[in-house]
Each structure stands twice: as C-alpha cells, then as structure tokens.
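Here the structure comes first, spelled out in structure tokens, and everything after it is commentary.
Sequence lines set the chain letters: A, B, ... in the order given, protein chains first and strands last, and positions in each chain run from 1. Basis for what follows: all heavy atoms, side chains included, without hydrogens, waters or symmetry-related copies.
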Amino acid sequence: MAENTVSTGSTAGNGLTEVQQQAVTHLDGPLLVLAGPGSGKTTVVTHRIAHLVQQGIPPWHILALTFTNKAAGEMRERIETLLPDEQHHQRGLTVCTFHSFCARLLRRYAEFADLSPQYTIYDAADQRDAIKKSLSSVELNSKNWTPASIGGAISNAKNQLLDAEAYAAQAGDFYTRTIAKVYTAYQNLLHQNNALDFDDLLLISAKLLSQQDEVCHELRMRYQYLLVDEYQDTNHTQFIIAHMLAAEHQNICVVGDPDQSIYGWRGADIRNILEFEEHFPKAKVIALGENFRSTSYILQVADEIIQHNQLRKHKELFTNLGEGEKPQMVTCVDEHHEAEMIIDEFRRRHENDSIAWKDMAVLYRINALSRVLENVFRQEGIPYVIARGTAFYERKEIKDALAYLRFLANPQDNLTLNRIINVPTRGIGKTSWNRVEVNAQRNQMSMWQAMLQAGRIDGLSPRAIKALTAFSKMVSHWHSILETSDSKPQEDPVIHAGQFADLVERVIRESGLEGMHQQQKNEEDQQRLANLAELVSAAAEFSYPFQDELAEMNSDTPLAEQSVDNPEKMQANLPPLRMQLQAYLESVALVSDADAIDPSLGAVTLMTLHAAKGLEYEVIAMAGMEEGLLPHMNSMVEDSKMEEERRLCFVGITRAKRSLLLTQAGTRTLRGKREPTIPSRFLRECSADTIMRADFSEDHGGDDYLDTPMTHTSRERQADCDVSAGEFPVGCMVRHPKFGVGRVEGVMRRARGSTARIYFESVGLKTLVLAYAKLTPLS
DNA sequence: CTGGTCATTTTTTTT
DNA sequence: AAATGACCAG
C-alpha cells in the first residue's frame with residue numbers, strides 16, 4: 001500500500017513520518033488512530049481524505065464528522081489545498097459536525113422519522129423554557145425539581161438512546177419515575193411545537209438508522225468511507241450512528257486520544273475509543289506518539305500530571321523540538337494581579353520575542369474568570385477576543401429578531417411565538433394571550449392557528465382582537481413572500497442571494513424591533529440597532545452550505561452520476577428562500593464557542609479549557625490553578641470526574657508550543673465573595689525540576705499594589721523593572737518598605753520581568769518582582 | 001397592561 | 001457581580 005501512495009505523489013515528500021504515512025494510506029477496513037497531543041492528527045486526517053480521493057474514491061462517498069464547525073471548516077480548507085482544485089475533487093465531500101449532519105439527515109428523511117421538515121432546533125435557553133413549562137404542566141413545584149437537573153437527566157437518557165417511553169419503562173424509584181413524567185411531558189411539548197433539542201438530533205437520527213432499513217441502506221451506499229474525529233468525546237448515540245453507517249463496509253476510521261477525553265459530563269463515553277478493537281476485531285491500530293508541537297519541558301509537565309490518572313493506558317510522549325523553557329508557576333495576590341502578571345508576560349513575549357498577539361491564549365476553567373482578564377486587557381490596550389461564538393446570538397435584540405425568523409420558518413412553534421408576540425409591546429398582554437392559549441388547547445391547534453381566528457375567541461376585548469389581527473396580518477404577509485419563492489425557481493442567483501437579507505431586514509423593520517430602539521437615543525439602544533444591522537449583513541453574507549445536496553435533491557440523476565465537469569449545472573438553482581432561512585437558522589443554532597476563533601483578528605484569545613481542545617498557541621497562560629476551580633469543586637468527590645479534570649489540565653498544558661505560564665490568585669472573588677485559595681493539586685503532581693515556581697502573593701508590598709492599583713500601569717512597572725534590574729547586582733544590599741534591609745542573592749531575568757531572590761534579616765529568603773517591590777539600593 | 005424596584009440566587013464545562 | 005424573578009404602583 002505504501003508504494004501505491006508514493007506513486008500518486010499526493011503524500012510523498014510532505015514530511016509525514018512513517019507511522020503517519022501508514023495511517024494515511026490505510027484504505028479499507030476499520031482503523032483506530034491514537035493520536036497524542038500535537039502528533040499531527042489533523043495532518044493525518046486531511047492527507048488521508050485526500051489520499052482516498054486520489055485513489056479514485058468519489059468524494060461523495062466520504063463522510064468526515066468533527067466536533068466543531070471550526071474544525072470542519074479547517075479540515076475542508078486543508079483538504080482543498082491538498083487536491084488540485086480544477087478537478088473539483090472535493091465536490092460532494094461531507095465534512096461537518098455530528099449535529100449538523102444529523103440535522104440535515106432529519107430534514108431530508110423527516111417523513112421517516114415522523115417529523116415535519118420545518119422543525120426548529122431548540123437551544124439551551126429554549127430547552128429550559130420548555131422544561132419549565134413541562135414541569136408546571138405535570139404540576140410539580142420547581143423548588144425540588146430544577147429545570148437544570150431535569151434537563152441533565154433527560155439529556156443523559158437521550159445520550160443513552162432512551163426515549164421518553166423507554167425511560168419510563170425502566171424507571172423504578174420515585175425520582176426516576178418523576179423524571180419520566182416530566183420527560184414525557186417535555187417530549188410532547190417539543191412535538192407539539194415541532195421542535196427538537198440538541199440531543200434529539202442525535203437520538204432520532206440513531207433511531208432512524210436502526211429502524212428504517214431502507215434509509216439506512218441508502219446512507220450506507222452513500223457514505224462508504226467514514227471518519228470520526230475526536231472519537232474520545234463521542235457519546236453512545238453518536239457511537240450507534242457511526243456503527244450503523246459502518247456496519248456493512250466497515251470502512252471506519254476513528255481518531256482520538258483517551259487522555260483528552262473531557263466531555264464525560266455530557267455523555268461522552270471514553271470506552272468508545274478504548275474498546276474500539278473489541279467492536280471492530282479486525283481494526284488496525286496506529287499510535288501517533290511523537291509530539292511536533294511543544295518543547296520538552298512543557299511536555300514533561302503534562303506527562304507528569306497525566307501519569308497520576310489510574311484508569312489509563314501508559315503512553316510515551318516525546319518530542320524532538322528541544323528542551324525549551326521551563327513552564328512557570330506563579331502565585332499572585334488576587335485575580336487582578338493575576339491578570340496583570342499574565343499581561344506583563346504576554347507583552348514581554350510580544351515585544352522581546354516578536355510573538356504575535358494571535359499566537360497567545362489565556363485558558364481558564366470557568367467563563368466567570370474571563371471578566372477580570374477582559375477588563376485588564378482592555379485597560380492595558382492589548383487586543384483580545386473571547387471565544388464565545390454564541391455571545392452575539394444571546395443578545396436580547398438578536399434573539400428577538402431570530403425568534404421572528406424562527407417563527408416564520410415554523411409557525412407551530414408556540415414557545416417562540418410567545419417570545420415575540422408582545423415584543424415590541426403591541427397591547428397583547430398576559431390575560432389576552434392566556435385566552436388564546438386556552439382556546440388553542442381546547443381546539444387542539446397551534447396558537448398561531450388560534451390567532452388567525454381571534455374573533456371567535458371568547459372573552460377577548462375588541463382591542464386585543466385588533467392587536468392580534470394586526471400581528472397575524474403582518475406574519476401572513478411574510479409567509480406569502482416565502483411561498484412565492486417556494487413556487488418559482490430562482491433564475492438570477494445574485495438577486496436571490498440578496499433576497500434573504502432583504503427578508504431579514506424587512507422582518508426587523510416591519511416587526512417594529514427596529515423602531516423600538518430608534519426611539520430612545522441612548523448608548524445601549526444605539527448598540528442594539530447596530531447589532532440588528534449586523535444581523536442583516538450576516539444574512540447577506542450567508543451562503544447556502546449544502547449546494548451539493550440540493551443539486552442532488554433537485555435533479556433526477558444521483559450526484560454520483562452527474563458530470564464532475566459540469567459544476568454550472570449545480571449552481572443553476574439556488575435554494576428557495578425557505579430553505580435558505582432554514583439552513584441559516586440551523587447554522588445559528590449549532591454554532592459553538594470555538595467557532596468564534598479567528599486568528600486573522602490579530603488578538604490574544606481568551607477561552608475555556610474545553611474550547612481550547614484541538615488548538616495550539618506559542619504562548620499559553622492558564623489562570624485559576626486552584627483547588628475548586630481546576631479541579632473544579634463539583635468534580636472532587638468522584639474519582640472518574642477527578643481524572644477528567646486532570647485530563648482537562650493536560651489538554652490545557654499541551655496547547656502550548658513554547659511557553660507556558662500557570663497562575664494562581666492568592667485570594668479570589670467569586671460570586672461576590674472574596675476567599676483565600678489553595679493551589680491546585682495538579683501543581684503538586686509535577687516536580688521542581690520541570691517547573692519554575694514563584695510566589696508574589698505577599699512579597700511585593702501589598703500596600704503599593706492595593707492602595708494605587710490603577711495609577712501604576714503594567715507598562716510603567718515593566719519600565720521600572722528594566723531600569724532596576726541593573727541597579728541590583730548580586731550581593732547588593734537593599735531596603736524594602738516592609739521587610740527592611742536585605743541582601744540580593746540572585747537576579748533572574750525571567751517571565752514577567754526581572755525577579756530577585758533577597759535574604760532579609762526579618763523574614764528570610766524571599767523572591768520579589770523588582771517592578772512591584774519598592775526596593776531602595778543601599779550603597 | 002406596563003414598567004419599574006427590590007430581593008434572591010447563582011452547579012462548570014457545551015453541541 | 002450579575003441576572004433572574006417576585007412584587008407593586010401607576
């Protein structure tokens with residue numbers, strides 16, 4: 001096989017190692033690639049897909065499933081560079097996340113899954129609302145039964161392939177029986193609203209594949225080569241989907257690293273990867289051990305820590321990139337000081353080592369830590385971005401606008417209608433709306449249908465009827481726009497592309513959302529208006545992502561038989577407005593935080609450890625290395641959870657290519673309470689030889705720092721420091737405002753500027769940052 | 001029916 | 001520290 005590859009010229013000379021090459025050139029049959037951090041996993045995956053295509057396998061027979069949209073996009077791009085594009089080699093190739101694959105599957109085969117293809121995808125917030133509603137319909141007080149815990153239980157059930165019925169059947173004790181009741185009510189509610197939650201996308205797809213032989217067969221024919229990335233983070237449902245697809249041809253290649261499994265809490269089952277060889281006895285296993293990312297000390301720290309996991313197969317981690325610098329562990333006064341220390345380090349790397357801002361990242365366990373960091377980054381004028389892909393879509397005005405669009409796409413969605421019915425206020429209050437709801441329930445119809453005959457509803461004031469009629473007239477008009485587009489195929493793609501943005505703009509204007517913010521001229525409303533405008537331009541830029549599939553659906557010839565040389569044919573019909581709307585809403589519903597990372601912004605990235613999976617940076621800072629944060633408080637009781645925290649720590653550390661800074665705040669204010677902290681146990685798990693430690697939590701004269709935190713910027717401190725470094729040679733005597741007279745034992749030009757080890761008569765040996773400690777030289 | 005204020009509450013990570 | 005929810009006045 002290896003000879004084969006070389007002759008194609010696709011992979012030869014690309015700098016792949018022997019083992020990587022083996023993984024790339026494996027053609028048929030199950031393949032497990034155990035890919036340690038930085039082992040060139042993405043390279044292998046992309047080369048492998050390119051290799052398959054060059055071996056003559058049509059791209060539309062290949063399906064690659066990834067964890068995030070970002071990963072999918074990158075993979076697509078890299079494959080593109082590997083294949084000569086004049087041949088449209090990647091046409092028909094499917095690279096996407098599990099969730100978007102399933103979402104599309106369910107639209108296409110909706111009838112087989114007892115669904116309407118217009119279904120809405122509910123996000124976490126919608127899900128919460130729906131659970132609340134179900135709770136009240138089952139008449140439970142939500143004191144003991146929080147939506148969060150119920151939601152978690154339902155999600156777990158779905159991840160184990162248990163639908164409401166199956167769950168109820170196996171429910172034994174009071175607790176599970178209660179959950180079963182809510183689960184059933186919740187599922188009925190979703191069905192009534194023609195909505196699916198994230199887990200449903202997977203669960204229903206899995207059921208579709210196992211229960212509809214024809215559909216399953218069709219999909220097996222279509223996707224003859226399956227590739228699953230980040231396999232260690234797949235859950236049971238995803239496992240079933242992958243297995244159903246691969247059962248016959250067995251051409252399944254999974255890639256992952258058990259040491260980087262960090263989504264157990266969300267149902268990911270690490271056994272999927274550990275027991276792959278049992279599920280596919282003929283599997284070939286290839287282990288990629290060599291690390292091409294990090295220098296040796298960084299890797300050693302990661303290794304020392306991960307070795308403390310008991311439930312783990314040992315794996316050699318090695319690199320040829322040289323020793324590098326030792327990672328640094330720094331204890332700071334509090335979170336503000338911590339942020340400044342990180343920024344000092346980053347600025348030094350930027351100025352002295354010419355490392356671009358985009359090659360640096362700060363990682364933390366919980367999002368709450370980003371706030372302080374963000375403030376200090378802004379203060380110091382350092383460009384930064386927070387990896388929160390969903391942030392934009394969580395703004396009220398955007399959610400409102402999207403709710404209108406969602407309702408437009410799926411008029412059965414009462415929950416969404418409920419959100420917009422009186423936004424902006426149009427005189428439809430609680431009581432009137434309740435009457436509509438009661439009426440809808442009595443007549444077994446959606447609230448939208450009930451609204452259309454508002455005149456017949458008892459007890460409504462003429463005023464309320466008028467308001468309701470006005471609203472339904474407005475929406476009906478939008479519907480007619482969609483219907484016009486449905487019935488006539490678009491001939492001019494350019495005009496058509498603009499039509500979607502026009503629709504969005506029209507909805508924002510005619511719904512009154514725009515006017516709502518135009519009235520007041522305060523800063524906040526200005527921003528909201530700007531956000532709404534941004535939504536319109538995002539809609540203008542949105543391009544329908546499933547051209548290939550659409551061509552396949554519209555044409556009588558299956559894609560496989562269409563001429564590859566005739567791409568114009570595929571471009572001829574752009575999707576009707578409705579499909580574009582659906583695809584847009586789908587893409588919005590499935591964005592992830594990591595999707596927001598855009599290196600071209602030239603900014604430092606701030607993100608959670610989870611979002612950092614799969615990424616790499618020259619310089620990494622990990623903030624909040626404290627007991628209760630990492631490992632997180634809620635993971636401390638169970639061993640398996642603790643091990644996952646350790647893996648999380650491992651993932652963070654192994655993101656760093658050259659420089660790693662771990663920080664702890666001596667005291668931290670969380671939820672408005674300031675409390676002293678204890679250093680993370682993970683720090684105790686690595687030896688003094690591999691990590692440099694410094695404690696600045698008390699020695700730099702708390703007075704200076706606490707009294708005038710803002711008058712002294714870090715830049716000034718840095719300047720101070722550079723001047724002072726020369727002023728304190730070893731052996732020199734100094735005076736410290738708090739500790740008195742001392743003797744300089746050593747000066748280190750390390751990390752965040754120079755530090756000195758000084759022996760004081762009063763307190764003994766201390767390590768001080770010259771920039772902070774107000775030292776006076778005594779000649 | 002609307003829009004304020006006050007009190008209470010935060011389970012970590014997310015498709 | 002911030003966000004939700006309950007409650008109340010207009």
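Neither OP1 nor OP2 of B:dT12 sits under 4.0 Å from any side-chain N or O of A:T608. Considering only side-chain N and O atoms, A:K132 lies under 4.0 angstrom from the phosphate OP1 or OP2 of C:dG5. Contact between the side-chain N/O atoms of A:T97 and the OP1/OP2 oxygens of B:dT15 is not found at any separation under 4.0 Å. When the side-chain nitrogen and oxygen atoms of A:H632 are compared with OP1 and OP2 of B:dT12, one or more of them lie within a distance under 4.0 Å.
Comment: A:E586 does not engage A:R104 in a salt bridge, judged by the lack of any side-chain N to carboxylate O separation of less than 4.0 angstrom. The existence of a salt bridge linking A:R668 and A:D334 is excluded, since no basic side-chain nitrogen approaches an acidic carboxylate oxygen closer than 4.0 Å. Using a 4.0 Å cut-off between charged nitrogen and carboxylate oxygen, A:E627 and A:R681 count as a salt-bridge pair. Salt-bridge formation is detected for the pair A:D400/A:R419: a Lys NZ or Arg NE/NH1/NH2 atom is positioned less than 4.0 Å from an Asp or Glu carboxylate oxygen.
One interatomic measurement links the two molecules: CG of A:N422 to P of B:dC1, which rounds to 9 Å at whole-angstrom precision. Atom-to-atom, CH2 of A:W433 to C1' of B:dC1 comes out at 16 Å; the value is rounded to the nearest Å. Rounded to whole Å, atom P of B:dC1 lies 11 Å from atom CG of A:L468. The separation between A:L590 atom CG and B:dT14 atom P is 16 Å, rounded to whole Å. When rounded to the nearest whole Å, the span between NZ of A:K673 and C1' of C:dA2 equals 15 Å. Taking atom CZ of residue A:R426 and atom P of nucleotide B:dC1, one finds them 15 Å apart after rounding to whole Å. Rounded to an integer number of Å, the gap from A:E626 CD to B:dT12 P is 15 Å. Rounded to whole Å, the distance from CD on A:E627 to C1' on B:dT12 is 15 Å.
The side chain of A:F198 approaches B:dT15 more closely than any other nucleotide in the set B:dT10, B:dT14, B:dT15. Nearest to the side chain of A:S432, among B:dC1, B:dT15, B:dT14, sits B:dC1. Across B:dC1, B:dT12, B:dT14, the shortest atom-to-atom separation from the side chain of A:R266 is found for B:dT14.
Residue ring and nucleobase are not stacked for A:W265 and B:dT12 under a centre distance beneath 5.5 angstrom and an angle between planes beneath 30°.
Note on A:F98: nothing from the nucleic acid sits closer than 4.0 angstrom, heavy atoms only. Among the heavy atoms of the strands, none lies under 4.0 Å from A:T68.
Applying a 4.0 Å cut-off to non-hydrogen atoms, the residues of residues 365-374 of chain A that approach DNA chain B are A:R365, A:I366, A:N367, listed by residue number.
Taking atom C1' on both C:dG5 and B:dT12, the two are 23 Å apart, rounded to the nearest angstrom.
In this structure, A:H632 has its ring center at least 6.0 angstrom away from the ring center of A:W265. Residues A:F239 and A:Y231 keep their aromatic ring centres 6.0 Å or farther apart.
When all heavy atoms are compared, the tightest approach of A:E644 to A:Y263 is OE2-N, 3.7 Å.
Checking A:A387 against A:G427, the closest nucleotide of DNA chain B that is more toward the 5' end is the one next to A:G427. Mapping A:D595 and A:L629 onto DNA chain B by nearest heavy atom places A:L629 at the nucleotide closer to the 5' end.
Partner of A:F98 under the side chain to side chain contact (heavy atoms under 4.5 Å, CB included) criterion, chosen from A:D229, A:T66, A:L201, A:T234: A:T234.
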